[in-house]
Structures are given as structure tokens and as C-alpha cells.
Amino acid sequence: MFHTPVAPRPRKRSRSTEAGVLRHEEVKFEDVRLHLLERKMGSSRRRFLTQLARSKGFIVEDALSDAVTHVVSEESQASSLWKWLKGCDLKNLPGMHVLDISWFTDSMREGRPVAVETRHLIQDTSPTLPEAPAPTPASTVSQYACQRRTTTENYNKIFTDAFEVLAESYEFNEIEGPCLAFRRAASVLKSLPWAVQRLGATEDLPCLGDHSKAVMEEILQYGRSFEVEKVLSDERYQTLKLFTSVFGVGPKTGEKWYRRGLRSFSDILAEPSIQLNRMQQSGFLHYGDISRAVSKAEAQALGNIIDEAVRAITPDAVLALTGGFRRGKEFGHDVDFIVTTTEQGKEKRLLTSLIDQLKEQGILLFCDHQASTFDMSKLPSHRFEAMDHFAKCFLILRLEGSQVVGGLHGAEGDGRGWRAVRVDLVSPPIDRYAFALLGWTGSRQFERDLRRFARTERRMLLDNHALFDKTK
Ligand code: UTP
Ligand code: MG
């Protein structure tokens with residue numbers, strides 16, 4: 001299984017076509033075995049996509065079996081798809097990527113299996129969901145994400161994916177207003193336990209402006225948004241998207257490289273005047289691994305490793321899994337933890353000791369440690385700060401497959417038996433634990449709206465450090 005550009009290993013392979021005629025097609029990606037689900041896709045579209053993939057060197061299995069590594073589906077209802085998959089008697093289902101068509105189209109465009117990102121995955125959330133979700137009246141949906149009950153099942157992915165592309169495009173152009181507006185609109189749609197099927201149904205929903213509605217209308221009418229397609233085919237967007245997918249490369253650096261005429265990773269790596277910093281060097285070195293989604297089992301394995309390491313340093317250590325995994329996500333881009341001690345002040349040396357411990361174990365592949373600048377007497381800060389002042393470190397850790405229940409996610413055939421994973425550790429003093437835990441649980445929109453709610457509805461100031469009453 002691979003997620004980086006892979007050197008093709010061409011091999012001729014006989015494969016029978018639908019008509020039963022033998023044809024020779026070049027298999028370029030032996031470790032990836034696709035199966036396109038006919039459910040919702042229909043047989044003629046499936047036939048067409050199968051031929052397309054095979055012509056590009058992909059192996060497409062006609063039958064869904066344990067040999068399949070990537071299942072591609074056009075089913076928008078994750079729960080019914082997963083219910084069906086679970087009834088298929090597959091032993092390897094937990095090891096398969098269950099992907100929406102965006103992964104397939106991205107891979108066809110690139111001519112290789114692209115890295116599986118969280119946005120490609122159709123996640124199994126069925127145990128927590130009601131069988132038939134009761135519709136919520138649009139008029140009762142709050143404008144604040146922190147007042148909306150949101151599950152990990154997204155019934156409006158077709159719209160929210162489109163909004164995310166547009167938000168990102170505005171972000172790349174540093175146009176903040178519409179960027180936030182699209183993210184807010186996406187967050188509202190994600191909270192709905194029903195799929196929007198006509199624009200009229202959105203009338204009473206908050207945070208949906210004219211632009212968002214126009215995009216939705218296009219999607220409802222044509223099944224796609226022309227504005228989104230234009231962005232997706234834009235060279236600048238594509239390049240910035242690629243560059244910012246590297247750990248340590250933000251929109252500013254991406255833009256700088258783009259302006260210098262660079263368009264690909266090989267352009268960057270071949271450009272002698274570019275000095276990559278340590279983080280970016282590690283980002284390139286481990287690109288394949290860290291752009292691959294991290295599974296819940298992998299997050300749990302890392303939790304066990306870190307738990308053991310901190311407990312060896314101090315028995316009164318406190319460790320909490322935060323970020324997306326704390327919210328119940330099945331997959332994430334990294335694993336976030338809070339690590340501290342029950343004795344106030346003792347946390348000051350904790351992160352450095354923990355880093356030393358991980359280094360000794362030989363699993364520390366990268367570490368960017370930021371010492372604490374936290375000073376209670378300087379709070380509250382009236383300036384909005386995305387980052388808090390607690391000690392933290394951004395790591396890349398080596399995770400052995402043998403330590404993960406069910407093995408590494410999507411590592412079939414890579415033969416290494418380990419993968420690199422991005423891990424963030426934050427270490428607040430214990431009396432700030434609750435605020436740090438709340439702030440690091442996310443989602444980003446939830447946090448943004450929680451602060452806005454505190455400010456405008458309660459006249460209070462909330463950040464990752466504390467909650468202040470503005471009237472006192
Ligand atoms: P992440 O970026 O890890 O997002 O930040 P996530 O929700 O876990 O999703 P994936 O799966 O990794 O992509 C986790 C939370 O930590 C907060 C963010 O606001 C986010 O809600 N955070 C992150 C901070 O408060 N400060 C930081 O410096 C970084
Ligand atoms: Mg995270």
C-alpha cells in the first residue's frame with residue numbers, strides 16, 4: 001500500500017474484460033486492488049470507471065473479496081453502506097479503505113493511487129446513529145456550532161466538500177471573510193441529521209449566505225458546482241494544495257514557492273536556492289506516511305506508548321487523548337494528547353523528559369519543542385490567539401505494526417512493519433487542564449463558536465487558558 005508517488009513497476013498481466021475477451025494491460029500498482037461497488041453507481045458507469053482505472057495501470061477486482069485493498073463507492077449514506085459491507089462476510093474489512101469517488105477521481109487525474117486522506121474516507125459511524133434520523137426543523141438550528149449536536153455522520157457531504165474547496169481557495173488567497181463564511185456554512189450542514197434535497201429546506205438555516213446557497217443550488221440542479229470545478233482545475237490552487245500538504249509548509253511558504261515558478265515536489269527538491277527547515281525536511285522524508293490517515297487503533301497504540309513513557313517518568317502523570325479522536329472520529333491526520341501531572345509545577349520538566357524517553361526508545365523521528373510562555377498574570381489576552389502559551393511539541397513518531405490491534409492502517413504490502421505518525425503533545429499546568437482539554441478537543445469551528453458564544457451571549461472571554469467574566 002502506498003500513498004506517495006510510487007515508481008511504477010510495469011508488469012504485463014492478462015485480465016478478462018466484461019466481454020470475456022483477454023486483453024493485456026500494464027499493471028503499475030500491484031499493491032492496490034480496487035473494487036468499485038455497483039450499488040448506487042450502476043453497472044454501465046462501473047464498467048466505464050473500471051476500464052478507465054485498468055487503462056491507467058490499476059488492478060480492479062470484479063468481485064469484492066478479502067484481496068481488495070480499496071473499496072470505492074458512490075453511496076452517500078455511510079450507515080447503509082457500512083451495514084451492507086458488514087453483511088458481506090469479509091474478514092479483511094477493517095483493513096480496507098472504504099472510499100468515496102473523490103479518491104478515485106483524484107487518483108485517475110494523477111495517474112497513480114493518491115494518498116488516502118480523511119476527506120476520502122466513508123467512515124463507519126453506524127453504532128452511534130439512529131436507524132432513521134428524525135428531521136430537525138431548520139428554524140431550531142443554532143448559529144453557534146457549540147449549540148448544535150453534531151455526529152460524525154455527514155448527510156450533506158456533497159455540499160460541505162464543495163464549501164471546503166472554496167474556503168481553502170479563499171484561504172490560499174488570504175481572503176478571510178468568505179473563507180470563514182464557507183466553513184461556518186459547512187459546519188451548519190454537517191449538524192443536520194438529514195440531507196438537503198431542495199434549496200427551500202435551507203430557508204431557516206443560519207449562516208447560509210447567498211454565495212453558499214448559489215453553490216448548493218448548482219449542485220442540486222447539476223450534481224456539481226462549476227465554481228468548485230474551476231477552482232479544482234486551477235493550477236495555483238492545485239499547487240498550493242500540494243505544497244501545503246507537506247508538514248511544515250503553510251500557505252505563505254506554498255505561495256512563495258509557487259511565485260518562483262515551482263509546481264511539483266521535484267521542482268522544490270531540485271531548486272538549490274531553497275533551504276528547507278528541519279520540519280519541512282521531515283515532512284518530505286515521511287510524506288507518504290504522514291499524509292495517510294491515522295486509524296483509531298493506531299491512535300490507541302500511541303496512547304499506550306506515551307502513557308507508559310510518562311508513567312515511567314512520574315507516577316502522577318495525567319494523559320488525555322484530545323483532538324478528533326476524542327470527538328469519536330475513526331480517522332485523523334494526527335494524534336493529539338494533553339500530558340501533565342497532578343502536582344502543579346511538576347509539568348515544567350515533563351515534556352523534555354518525555355522527549356528524551358521517546359528518543360531513547362528509538363521512536364522519535366522528529367521533534368519541535370516549544371517551551372511554555374504561559375503567564376497567568378498576563379491574562380486575559382484581548383487579542384484572539386490561535387495558539388496557546390502552554391509547552392507543546394509537534395512530533396513524528398515511529399509506530400510498529402505489532403503494537404497496533406489489527407495492524408497498521410493501509411500498510412498492506414509495504415513490508416516495513418512500521419509507519420510514521422504525527423503526534424502533538426501539549427502540557428498545561430494541572431489547574432489549566434479543563435480549559436486546555438476543551439480547547440484541544442476541537443473541532444476548530446466548535447472552538448471558534450464557543451468563544452464567540454462566550455463573548456457575545458455571556459460577556460465572557462474564553463481561550464485555552466481560562467474563562468473570564470468581562471463584567472468583573
Ligand atoms: P487538529 O488540527 O489536530 O484537528 O487540532 P483535529 O480536530 O484533531 O482533526 P484531525 O483529524 O487531526 O485533522 C485539534 C484541536 O486542537 C486545537 C484546534 O483548535 C483543534 O480544535 N489546537 C490545535 C489548538 O488549540 N492550538 C494549537 O496550536 C493547535
Ligand atoms: Mg488532530
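Basis for what follows: all heavy atoms, side chains included, without hydrogens, waters or symmetry-related copies.
Under the salt bridge (Lys or Arg N to Asp or Glu O under 4.0 Å) criterion, no residue pair touches residues 359-372, with sequence neighbours excluded. Listed by first then second residue, pairs satisfying salt bridge (Lys or Arg N to Asp or Glu O under 4.0 Å) with a partner in residues 180-190 read Glu164-Arg183, Glu171-Arg183, not counting sequence neighbours.
Listed by chain and residue number, Phe265 satisfy the ring-ring contact (aromatic ring centres under 6.0 Å, His included) test with Phe284 (two or more places apart in sequence, or in another chain). Applying the side-chain hydrogen bond (donor to acceptor under 3.5 Å, both in side chains) test to Glu110 and every residue at least two apart in sequence or in another chain returns Arg112. Judged as a salt bridge (charged side-chain N to carboxylate O under 4.0 Å, His left out), and not counting sequence neighbours, the contacts of Arg263 are Glu235.
Looking at Ser427, its side chain does come within 3.5 Å of a backbone N or O of Val339 through a donor-acceptor pair. Formation of a donor-acceptor pair under 3.5 Å by the Thr441 side chain with backbone atoms of Leu437 is found in this model. With hydrogens and angles ignored, the 3.5 Å screen pairs a side-chain donor or acceptor of His35 with a backbone N or O of Glu61.
Across all non-hydrogen atoms, the minimal contact from Arg311 to Ala317 is NH1-O, 3.3 Å. The two atoms that bring Ala162 and Val215 nearest to each other are CB-CG1, 4.3 Å, heavy atoms only. Nearest heavy atoms, Gln238 versus Leu232: NE2-O, 2.8 Å. Residues Leu121 and Lys157 share a closest heavy-atom pair of O-CE, 4.4 Å. Heavy atoms only, all atoms of each residue included: Val423 and Leu302 are closest at CG2-CD1, 4.1 Å. Of all heavy-atom pairs spanning Ala299 and Phe337, the tightest one is O-CZ, 4.0 Å.
No close placement of the His70 and Phe104 rings is indicated, their centers lying 6.0 Å or farther apart. For an aromatic pair to be called close, the ring centres must be under 6.0 Å apart, and Phe366 with His286 fails this.
Ring geometry for His409 against Phe331 counts as tilted: the plane angle lies between 30° and 60°, on a 0 to 90° scale. Classification of the Phe58-Trp103 ring pair by plane angle, with boundaries at 30° and 60°, yields perpendicular. Ring geometry, Phe182 versus His211: the interplanar angle exceeds 60°, so the pair is classed perpendicular (tilted spans 30 to 60°).
To the nearest 0.5 Å, the span separating OG1 on Thr50 from CD on Glu38 amounts to 9.0 Å. Rounding to the nearest 0.5 angstrom, the gap separating the NZ atom in Lys329 from the OG1 atom in Thr152 is 9.5 Å. Remark: Glu447 CD to Asp463 CG distance equals 11.0 Å, nearest 0.5 Å. To the nearest 0.5 Å, atoms CG (Leu85) and OG (Ser80) are separated by 9.5 Å. Rounding to the nearest 0.5 Å gives a distance of 8.0 Å between CG of Asp234 and NZ of Lys230. To the nearest 0.5 Å, the span separating CZ on Arg109 from NZ on Lys56 amounts to 10.5 Å.
A cation-pi arrangement is found for Arg416 relative to Trp418, the charged atom lying closer than 6.0 Å to the ring centre and inside a 45° cone about the ring normal.
Within a 6.0 Å radius of NZ in Lys213, other residues, nucleotides and ligands contribute more than 12 heavy atoms. The environment of CZ in Phe48 is sparse: at most 12 heavy-atom neighbours from other residues, nucleotides or ligands sit within 6.0 Å. A 6.0 Å sphere centred on CD of Glu271 holds more than 12 heavy atoms belonging to other residues, nucleotides or ligands.
No side-chain heavy atom of Asp336 sits less than 4.5 Å from a side-chain heavy atom of Arg326.
In this structure, Asp62 pairs ionically with Arg54, as a charged nitrogen and a carboxylate oxygen lie closer than 4.0 Å.
Each of Phe243, Phe172, Tyr258 was checked for a ring pair (Phe, Tyr, Trp, His ring centres under 6.0 Å) with Tyr237, and the lone residue meeting it is Phe172.
Judged by distance alone, the side chains of Thr160 and Asn154 do bring a donor and an acceptor atom under 3.5 Å apart. Gln281 and Arg278 are not linked by any side-chain donor-acceptor pair at a separation below 3.5 angstrom, with hydrogens and angles left out of the test.
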Let me check something: any side-chain donor-acceptor pairs from residues 391-405 under 3.5 Å, sequence neighbours excluded? List them with distances.
from   : atom 1 : to     : atom 2 : distance (Å)
Lys392 : NZ     : Asp388 : O      : 3.0
Lys392 : NZ     : Asp388 : OD1    : 2.8
Lys392 : NZ     : Phe390 : O      : 3.1
Arg398 : NE     : Glu400 : OE2    : 2.7
Arg398 : NH2    : Glu400 : OE2    : 3.1

